[in-house]
Amino acid sequence: MELAGTIRQARKSISAARAAGKRIGLVPTMGALHAGHISLIEEATGRCDYVVVSIFVNPTQFGPSEDFDKYPRDVESDMNICRQSGANLIFSPSASQMYQKENITWVNVDKLTENLCGRFRPGHFRGVTTVCTKLFNIVQPDIAFFGQKDAQQAIVIKRMVADLNMPLQIVVCPTVREPDGLAVSSRNKYLSPEERKDALLLSQSFAECERLVKAGERNCKLLIGSMRKIIAQSSEAQIEYISIVDTETLADIDVIEGEALVALAVKIGSTRLIDNIIISYQPRSARRTRNEI
Ligand code: AMP
């Protein structure tokens, strides 16, 4: 496995792989790699011949009061994980490699970035789409891999790639969870043991939502209300949003018909966690019983 700290080094190694006819995969990350990232790298090694993992804590996607400075960084562990997962190249540039002193060119996706996290993190998705465009231009992958954990990000990136005719495929991999249901995240490291327990209320609220939908409930206000009740059991939890939205437009919906994305952002103490599930409602008449199959 190689390590490239500059764009020039990365391009040199990747173009050699491309010239050898290899299919190039890219897994963009901010490091502090964990089981979620590993699942992406393994999916990439399964589908590609040469896998690049980028590790870059991208300053332009953090707001002024967010955790850019204290975002966990662990280069040694990241290198071991990448090696063991079968990555071929780590691209780990400095901020000055990626951005000129003043960045004046941005990539913006409208509409899809207005709801959910976009409402609470102004400028966040502009930073994400801009850095992903840069990474796509530097690596020129055949496929880039993203996690369903950041559902809005994956949908925004897919749309950007389609709208700008970028010549690559986006693959979205399922959310990896701890055995007790908490979605794995680099930010889980910030949680105290007490907060870690409270964080379980998030996946419990999704389970309740799924249970209600299975029982025939389709009213989103009601479903969100029952999720809020569960999360409010923790005095440390501050709900930023709990939303049920269309899986394509990300617009809020009132009544579930077919598939919907249930997404939330909740602060446990000072740690902001996000998570989501896709639910689908099937009218009773459309549900086939065992005898009918
Ligand atoms: P990050 O380093 O947090 O920017 O994440 C890099 C990539 O890993 C993104 O595409 C995330 O959606 C994905 N990812 C993060 N956590 C998980 C998880 N628990 N399961 C699956 N993918 C994840």
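Just so you know, ligand 1 is whichever comes first in the structure, and atom 1 is the first atom listed for that ligand. Please read these numbers as outputs of a predicted model, since none were measured by experiment.
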Visitor: Under 4.0 Å from a heavy atom of P174: which atoms of ligand 1 are those, numbered in the order shown and with their elements?
Guide: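 Once the distances to P174 are compared, the set is 20 (N), 21 (C).
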
Visitor: I'd like to know if the side chain of T130 reaches the main chain of G127, judged simply by a donor and an acceptor atom lying under 3.5 Å from each other, with no hydrogens or angles considered.
Guide: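 Here the side-chain-to-backbone pair does not exist.
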
Visitor: Does either side chain, that of S270 or that of Y190, offer a donor lying less than 3.5 Å from an acceptor on the other one?
Guide: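 Absent: no donor and acceptor within the cut-off.
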
Visitor: Suppose we measure from atom 19 (N) of ligand 1 to each protein heavy atom; which comes out shortest, and what is that distance?
Guide: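 Here the nearest protein heavy atom works out to V184 O, 2.8 Å.
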
Visitor: Any donor and acceptor pair, going by atom type alone, linking the side chain of D78 with main-chain N or O of G31 inside 3.5 Å?
Guide: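 Absent.
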
Visitor: Find all atoms of ligand 1 within a distance of less than 4.0 Å from any non-hydrogen atom belonging to Q153, and give their numbers and elements.
Guide: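 Close to Q153: 9 (C), 10 (O).
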
Visitor: For ligand 1, which atoms, with element, lie under 4.0 Å from some heavy atom of L40?
Guide: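 Taking each heavy atom of L40 in turn, ligand 1 has 7 (C), 8 (O), 10 (O), 13 (C), 22 (N) under 4.0 Å.
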
Visitor: Going by atom types only, do E2 and N88 share a side-chain donor-acceptor pair under 3.5 Å?
Guide: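 No - no donor-acceptor pair under 3.5 Å links their side chains.
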
Visitor: Considering only the protein, which heavy-atom contact is closest to atom 23 (C) of ligand 1, and what is its distance?
Guide: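 Protein heavy atom with the smallest distance to atom 23 (C) of ligand 1: K149 CB, 3.9 Å.
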
Visitor: Identify, for atom 1 (P) of ligand 1, the protein heavy atom at the shortest distance, and state residue, atom and that distance.
Guide: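 Closest protein heavy atom to atom 1 (P) of ligand 1: H37 NE2, 3.6 Å.
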
Visitor: In terms of atom number and element, which parts of ligand 1 are under 4.0 angstrom from non-hydrogen atoms of D150?
Guide: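 Near D150, meaning under 4.0 Å from one of its heavy atoms, ligand 1 has 11 (C), 12 (O).
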
Visitor: How far is atom 20 (N) of ligand 1 from its nearest protein heavy atom, and which residue and atom is that?
Guide: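 Answer for atom 20 (N) of ligand 1: V176 N, 2.8 Å.
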
Visitor: Quick check on contacts: which atoms of ligand 1 are under 4.0 angstrom from a heavy atom of H34?
Guide: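 The atoms of ligand 1 under 4.0 Å from a heavy atom of H34 are 15 (C), 16 (N), 17 (C).
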
Visitor: Relative to the heavy atoms of T29, which atoms of ligand 1 are at a distance of less than 4.0 Å?
Guide: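 Answer for ligand 1: 2 (O), 6 (C).
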
Visitor: How about CD on E66, more than 12 heavy atoms from neighbouring residues, nucleotides or ligands closer than 6.0 Å, or not?
Guide: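 Correct, the count exceeds 12.
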
Visitor: Between G147 and ligand 1, does any nitrogen or oxygen pair lie at a separation below 3.5 Å?
Guide: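 Among all N and O atoms of G147, at least one is under 3.5 Å from an N or O of ligand 1.
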
Visitor: In this structure, are over 12 heavy atoms from other groups packed under 6.0 Å from R272 atom CZ?
Guide: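 Above 12, so yes.
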
Visitor: Numbering the atoms of ligand 1 from 1, which are under 4.0 Å from a heavy atom of T175?
Guide: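 Listed by number with element, the hits are 20 (N), 21 (C).
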
Visitor: I'd like to know if the side chain of T6 pairs up with that of Q9 as donor and acceptor (distance under 3.5 Å, no hydrogens or angles considered).
Guide: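 Note: T6 and Q9 side chains meet the donor-acceptor criterion.
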
Visitor: Does ligand 1 come near enough to M30 that some N or O of the ligand is less than 3.5 Å from an N or O of the residue?
Guide: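 For ligand 1, there is an N or O atom that lies under 3.5 Å from one belonging to M30.
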
Visitor: Verify the neighbour count for atom NZ of K111: are there more than 12 heavy atoms of other residues, nucleotides or ligands below 6.0 Å?
Guide: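 At most 12 heavy atoms, drawn from other residues, nucleotides or ligands, come within 6.0 Å of this atom.
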
Visitor: Would you mind running through ligand 1 and noting each atom that sits below 4.0 Å from a heavy atom of P28?
Guide: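 Atoms satisfying the 4.0 Å criterion: 6 (C), 7 (C).
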
Visitor: Give the residue, atom name and distance (to 0.1 Å) of the protein heavy atom nearest atom 3 (O) of ligand 1.
Guide: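 So the nearest neighbour among protein heavy atoms is Y71 OH, 3.8 Å.
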
Visitor: Applying side chain to side chain contact (heavy atoms under 4.5 Å, CB included) to K149 and R177, what does each step give before you reach the verdict?
Guide: CA-CA 9 Å; K149 160 80 169 42; R177 297 179 180 279; over 6 Å; no

Visitor: So, is F146 polar-close to ligand 1, with some N/O to N/O distance under 3.5 Å?
Guide: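 F146 vs ligand 1: no N/O contact under 3.5 Å.
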
Visitor: Look at the aromatic rings of W106 and Y99 and report parallel, tilted or perpendicular, splitting at 30° and 60°.
Guide: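 Aromatic pair W106/Y99 classed tilted.
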
